[in-house]
Student: 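Below is the structure I would like to discuss, written out as structure tokens.
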Amino acid sequence: IQCGGSGVACDPDAFCDGSDPVCPSQNICSRDLDPSFGDAGSVVLAAGSGELYTLALQDDGALLAAGSIDDRGAVARYLDDGSLDTTFAGDGIFETDFFAEVYSLSVLPGGKILAVGSGYPDACDPVCDEIVLLRLEADGSLDSSFGTDGVVRHAPGGDDQGFGAVVQADGKIAVAGEGLNDPEGAFVARFNADGSVDTGFGTNGIAWLGIAPSFAWSIVQQADGKLVAGGAIGRGVQEDALLFRLDAGGILDATFGVDGVLLTAFSTSSDRVYGIVPNPGGGIQVAVGRQEGGAVVRYDRDGGLDAAFGA
């Protein structure tokens with residue numbers, strides 16, 4: 001939750017009364033919509049049909065929102081008042097010239113923007129999904145020093161979707177996703193900072209979980225450099241929350257869960273991991289979507305449930 005336009009996080013259960021120097025006097029730390037933003041606290045990207053999947057806050061307080069517009073990958077930049085920043089990509093919105101969806105955003109040092117998701121060629125055969133990475137300059141133009149003219153399109157299994165991504169401390173980019181063809185199931189792919197495939201990771205740049213059906217939606221890097229990815233195993237009415245941990249080389253870490261993999265059934269129906277936050281002590285907190293409602297779960301560094309957390 002932002003405090004004023006400063007981007008400083010404050011307690012969502014507290015009210016700003018002016019006593020904290022980083023918080024203005026107005027009550028913007030409540031759960032009320034901020035009337036100074038957009039139309040009574042909300043904005044609608046009325047540029048076509050589509051969806052927004054992710055947000056990122058820039059150092060200057062501007063807000064990036066990404067997803068798809070008319071089946072094209074899109075990144076929009078909003079000013080602090082909710083208006084589109086027309087200095088960004090010409091009209092405030094960057095759009096790909098091919099079918100794509102953006103699921104992850106990262107603001108890089110120097111103001112560049114990394115957008116990651118899935119795409120497919122205009123002429124699909126019909127299984128031809130691909131991992132897509134885009135790197136934009138601060139002004140919304142493609143960064144020609146990344147991939148091919150700012151774009152990476154990669155499908156090691158012939159039909160692969162990219163979802164969550166994390167920029168590692170060394171600048172490499174790890175992408176969580178799902179193979180839909182052969183191999184099938186959850187994977188983590190890694191790319192070098194320039195967009196080239198990191199062939200030293202896993203097998204030719206990709207670590208396949210080897211369990212199907214499954215998918216990986218989110219991913220984080222822990223302080224020790226290991227990667228934790230989360231999603232679900234199963235399909236449809238019965239899915240179990242999935243977590244797996246990889247070492248720096250893309251090998252399953254046998255000290256986590258069972259041989260690097262942790263499955264948890266929180267309900268008798270569908271459980272999915274949608275978000276992961278690393279803890280300083282080596283554990284993780286996980287956002288889980290369930291048929292009965294969402295939950296936050298905390299695990300210790302070995303993958304055991306932290307009994308001291310929650311009820």
Side-chain angles (χ1 to χ4, degrees), residues 103-104 116-118 127-131 154-166 173-191 197-222 225-276 278 283-291 295 297-305:
Y103 295 109
S104 173
V116 177
S118 302
V127 287
C128 53
D129 287 278
E130 54 197 4
I131 306 164
H154 184 55
D159 190 17
D160 308 306
Q161 295 180 327
F163 298 124
V166 62
I173 304 157
V175 179
E178 178 183 11
L180 300 173
N181 192 12
D182 185 18
E184 182 183 357
F187 66 76
V188 173
R190 196 163 74 185
F191 301 83
V197 174
D198 179 6
T199 56
F201 180 82
T203 302
N204 296 322
I206 190 165
W208 297 96
L209 179 60
I211 302 174
S214 65
F215 70 89
W217 181 264
S218 57
I219 186 168
V220 295
Q221 185 182 37
Q222 296 184 294
K226 293 178 181 179
L227 296 167
V228 180
I233 185 168
R235 187 77 71 195
V237 296
Q238 183 58 57
E239 295 177 325
D240 291 342
L242 165 68
L243 292 164
F244 59 100
R245 189 162 72 189
L246 304 170
D247 65 19
I251 306 301
L252 283 169
D253 175 12
T255 67
F256 180 81
V258 178
D259 296 328
V261 180
L262 180 62
L263 302 177
T264 311
F266 296 100
S267 68
T268 58
S269 54
S270 180
D271 303 314
R272 296 180 170 190
V273 172
Y274 285 115
I276 309 171
I284 53 174
Q285 294 185 145
V286 175
V288 177
R290 308 180 304 155
Q291 191 75 22
V297 184
R298 190 160 73 188
Y299 296 90
D300 61 29
R301 64 182 306 112
D302 300 321
L305 286 171

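Throughout, residue positions are numbered sequentially from 1 according to the sequence presented. Computed from a predicted model, the values in this text were never measured in an experiment.
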Student: Find the distance between CG (Asp253) and CG (Leu227) and round it off to the nearest 0.5 Å.
Tutor: 10.5 Å
Student: Check step by step if side chain to side chain contact (heavy atoms under 4.5 Å, CB included) holds for Phe187 and Ile131.
Tutor: CA-CA 11 Å; Phe187 66 76; Ile131 306 164; 3.7 Å; yes
Student: Looking at Pro183 and Gly157, what are the two nearest heavy atoms and their distance?
Tutor: CD-CA, 4.3 Å
Student: For side chain to side chain contact (heavy atoms under 4.5 Å, CB included), just list the numbers for Val197 and Ile206, CA-CA rounded to whole Å, side-chain angles, deciding distance to a tenth of an Å, and then say yes or no.
Tutor: CA-CA 9 Å; Val197 174; Ile206 190 165; over 6 Å; no
Student: Applying side-chain contact (heavy atoms from CB on, under 4.5 Å), can you list everything that pairs with Ala207, at least two apart in sequence or on another chain?
Tutor: Phe201, Leu246
Student: Between CG of Leu242 and CZ of Phe215, what distance do you get to the nearest 0.5 Å?
Tutor: 8.5 Å
Student: How close do Val261 and Ile211 get, counting heavy atoms only, and between which atoms?
Tutor: CG1-CD1, 4.4 Å
Student: Looking only at atom types and distance, does a side-chain atom of Asp300 sit under 3.5 Å from a main-chain N or O of Asp302, one as donor and one as acceptor?
Tutor: yes
Student: Between Ile233 and Pro213, what is the shortest heavy-atom contact and its length?
Tutor: CG1-O, 3.4 Å
Student: Measure the shortest side-chain to side-chain distance between Asn181 and Asp129 over non-hydrogen atoms and say whether it is less than 4.5 angstrom.
Tutor: no
Student: Enter the distance from Leu305:CG to Arg298:CZ here, rounded to the nearest 0.5 Å.
Tutor: 11.5 Å
Student: Does the pair Gln222 and Ile284 meet the rule for a side chain to side chain contact (heavy atoms under 4.5 Å, CB included), with working shown?
Tutor: CA-CA 9 Å; Gln222 296 184 294; Ile284 53 174; 3.7 Å; yes
Student: Verify side chain to side chain contact (heavy atoms under 4.5 Å, CB included) between His154 and Phe191, making sure each step is shown before the conclusion.
Tutor: CA-CA 10 Å; His154 184 55; Phe191 301 83; 3.9 Å; yes
Student: Just one of Ile219, Ile173, Val188, Val175 clears the side chain to side chain contact (heavy atoms under 4.5 Å, CB included) bar with Val166, so which one?
Tutor: Ile219
Student: How many angstroms lie between atom CZ of Arg245 and atom OG1 of Thr255, to the nearest 0.5 angstrom?
Tutor: 4.5 Å
Student: Taking atom CZ of Arg301 as the centre, does the number of heavy atoms from other residues, nucleotides or ligands within less than 6.0 Å exceed 12?
Tutor: no
Student: What distance do Thr203 atom OG1 and Ile251 atom CD1 have between them, rounded to the nearest 0.5 Å?
Tutor: 7.0 Å
Student: Taking Ala248's backbone N and O only, do any of them form a donor-acceptor pair with Arg190's side chain (distance below 3.5 Å, no angle check)?
Tutor: yes
Student: Identify the heavy atoms of Arg290 and Ala295 that sit nearest to each other, and give their distance.
Tutor: NE-CB, 4.0 Å
Student: So, does Asp271 use its side chain to make a donor-acceptor pair with the main chain of Phe266 at under 3.5 Å?
Tutor: yes
Student: Among all residues two or more places apart in sequence or in another chain, which pass the salt bridge (Lys or Arg N to Asp or Glu O under 4.0 Å) test with Glu130?
Tutor: Arg153
Student: Quick check for you: to the nearest 0.5 Å, what is the distance between Leu243 atom CG and Ser218 atom OG?
Tutor: 7.5 Å
Student: Taking Ser118 for its side chain and Gly162 for its backbone only, find out whether a donor-acceptor pair lies under 3.5 Å.
Tutor: yes
Student: Under a 4.5 Å cut-off applied to non-hydrogen side-chain atoms, are Val273 and Trp217 in contact?
Tutor: no
Student: Write down the atom of Asp160, the atom of Trp208, and the distance for their closest heavy-atom approach.
Tutor: OD1-CH2, 3.5 Å
Student: Taking all non-hydrogen atoms of both residues into account, name the closest pair between Ala186 and Phe244 and its distance.
Tutor: CB-CE2, 4.1 Å
